[in-house]
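Shown next, in structure tokens, is the structure this report addresses.
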Amino acid sequence: MQIFLQLVASGVAVGMIYAAIAFGYQLTFATSKTLNFGQGEALMLGALFGLTLVPFTGYWLMLPLVLVFGFALGAVVERLGVRPAVKIKSEYGWIMATIALGIIFKNVAENVWGRDDLKFPSPLPEEALIVGGVRVLPMELMIVAGALLMMLAVEIFNRRSIWGKAVVATSNDIDAAGLMGINTRKVITLSYSISAMTAAFAGVLVAPVTLTGATMGSVLALKAFAVAIIGGLESGLGVIVGGLILGVAETLTGFYISTGYKDVPGLILLLAVLAVRPVGLFGKAVIKKV
């Protein structure tokens, strides 16, 4: 039982990283029905940018600078990759554009920081804590707390601020929001900025417990996309639940069966959800009148 609880604790930390990235997918899809398929590269660039700053600022002062960097990066992605496709009502242009930008960002990272993986210094002690008989790394606790606080902050922003309410209105009905005087183009840009900001923040959260490099975001983003589909692309709660399910399933499978099969449960769950409930576990089916 102790080993089982240990695996669950590790799975929760992994799952919250997936959830944080998937939360970014949910933000952009809600406002524009588009996704940033370069989300993994936003995570990677956030981690590498943070690694560059850490020797000069320390970890805690580095965090707000990475958030600003991620925010600006998201605006660039929306302006160059998404807006032109949305303007001409292209159904697939934004997919290829965001993938292309992701490849460009990866190549830039390889040329600036190199191809080798780098060690990100941990801001917390690396000695495990004993919590209820389970050994937990302080950084794993920080990952869970940081991801939850980040999503809570975005939710408070959406409920309390003028721009946040504009995001909610655009998510509910972009055409009606436009008729009410809301600049939906700026709202979509804002959603992409917040999305990339959350990914960059996730990057500096996960970097101390893994290696930092140009390829670190690819697999994480792919699994986060599966989490978004499982939980529901328009449900914040769904991405949290989906992330936890996938993270725990991976760690349990890797230990009890084989590490070679740890990715299988997530794929099986993804296929099952798509077959039974395509809108996701917490998604809502919408009937549109034509």
Backbone N/O of Ser10 and side chain of Glu140: donor-acceptor pair under 3.5 Å: no
Minimum heavy-atom distance between Leu43 and Ala202, given as atom pair plus value: CD1-CB, 4.0 Å
Check: Tyr192 and Ser32 side chains under 4.5 Å, non-hydrogen atoms: yes
Main-chain N/O of Val248 paired to Thr251 side chain as donor or acceptor, under 3.5 Å: yes
Side-chain donor or acceptor of Thr28 paired with backbone N/O of Thr34 under 3.5 Å: yes
Residues that Ser195 engages under side chain to side chain donor-acceptor pair (under 3.5 Å), provided they are two or more places apart: Gln39
Trace of the side-chain contact (heavy atoms from CB on, under 4.5 Å) decision for Ile240 with Phe23: CA-CA 8 Å; Ile240 295 176; Phe23 189 69; over 6 Å; no
For Ala200 against Gly46, the heavy-atom pair lying closest together: CB-CA, 3.9 Å
Pairwise side-chain contact, Met150 with Met16, heavy-atom cut-off 4.5 Å (strictly under): no
hydrophobic_cluster_shared for Val14 and Leu211, side chain cutoff 4.5 Å: no
Heavy atoms from other residues, nucleotides or ligands near CD1 of Ile3 exceed 12 (cutoff 6.0 Å): no
Value rounded to 0.5 Å, distance of CE in Met197 from CG in Leu67: 6.0 Å
Distance-minimising heavy-atom pair for Ala196 and Gly70: CB-O, 3.2 Å
Closest approach of Val204 to Gly50 (non-hydrogen atoms, all atoms of both residues): CG1-CA, 4.3 Å
Donor-acceptor pair, side chain of Thr210 and main chain of Val206, under 3.5 angstrom: no
Cluster link Leu48 to Leu61, ILVMFWY, side chain under 4.5 Å: no
Gap separating the CG atom of Leu269 from the CG atom of Leu281, nearest 0.5 angstrom: 6.5 Å
Common cluster, Leu124/Val136, ILVMFWY with side-chain heavy-atom separation under 4.5 Å: yes
Test item: Tyr18 and Glu250 side chains (from C-beta on) under 4.5 Å apart, heavy atoms: yes
Residues Trp163, Val187; criterion side-chain contact (heavy atoms from CB on, under 4.5 Å); working and verdict: CA-CA 8 Å; Trp163 277 103; Val187 170; 4.2 Å; yes
Side chain to side chain, Leu148 and Leu152, heavy atoms closer than 4.5 Å: no
Val219 vs Asp263 side-chain heavy atoms within contact, under 4.5 Å: no
Minimum heavy-atom distance between Pro208 and Ser122, given as atom pair plus value: CB-CA, 3.9 Å
Nearest-0.5 Å distance that lies between atom OG1 in Thr212 and atom CG in Asp116: 12.5 Å
Between CG on residue Leu205 and CE on residue Met139, distance to nearest 0.5 Å: 6.0 Å
Trp60 with Leu51, same ILVMFWY side-chain cluster at under 4.5 Å: yes
Beyond-backbone contact of Arg79 with Thr189, side-chain heavy atoms, under 4.5 angstrom: no
NZ or CZ of Lys223 within 45° of Phe225 ring axis and under 6.0 Å: no
Flag if over 12 foreign heavy atoms under 6.0 Å of NZ, Lys186: no
Flag if over 12 foreign heavy atoms under 6.0 Å of CZ, Phe4: no
Stepwise side-chain contact (heavy atoms from CB on, under 4.5 Å) check, Thr253 with Val264: CA-CA 8 Å; Thr253 302; Val264 173; 5.7 Å; no
Chi angles and distances behind the side-chain contact (heavy atoms from CB on, under 4.5 Å) call for Arg135, Ile130: CA-CA 5 Å; Arg135 294 172 61 86; Ile130 307 298; 3.4 Å; yes
Where Leu7 and Tyr256 come nearest, the two heavy atoms and their spacing: CD1-CE1, 3.7 Å
Heavy-atom check, side chain of Val154 versus side chain of Ile194, under 4.5 Å: yes
Met216 side chain near Asp117 side chain, heavy-atom distance below 4.5 Å: no
Cluster link Val8 to Leu137, ILVMFWY, side chain under 4.5 Å: no
Between CG on residue Leu233 and OH on residue Tyr25, distance to nearest 0.5 Å: 10.0 Å
Geometric class of the Phe120/Tyr59 ring pair [parallel <30°, tilted 30-60°, perpendicular >60°]: perpendicular
Interatomic spacing from CD in Gln26 to OG1 in Thr31 - rounded to 0.5 Å: 9.5 Å
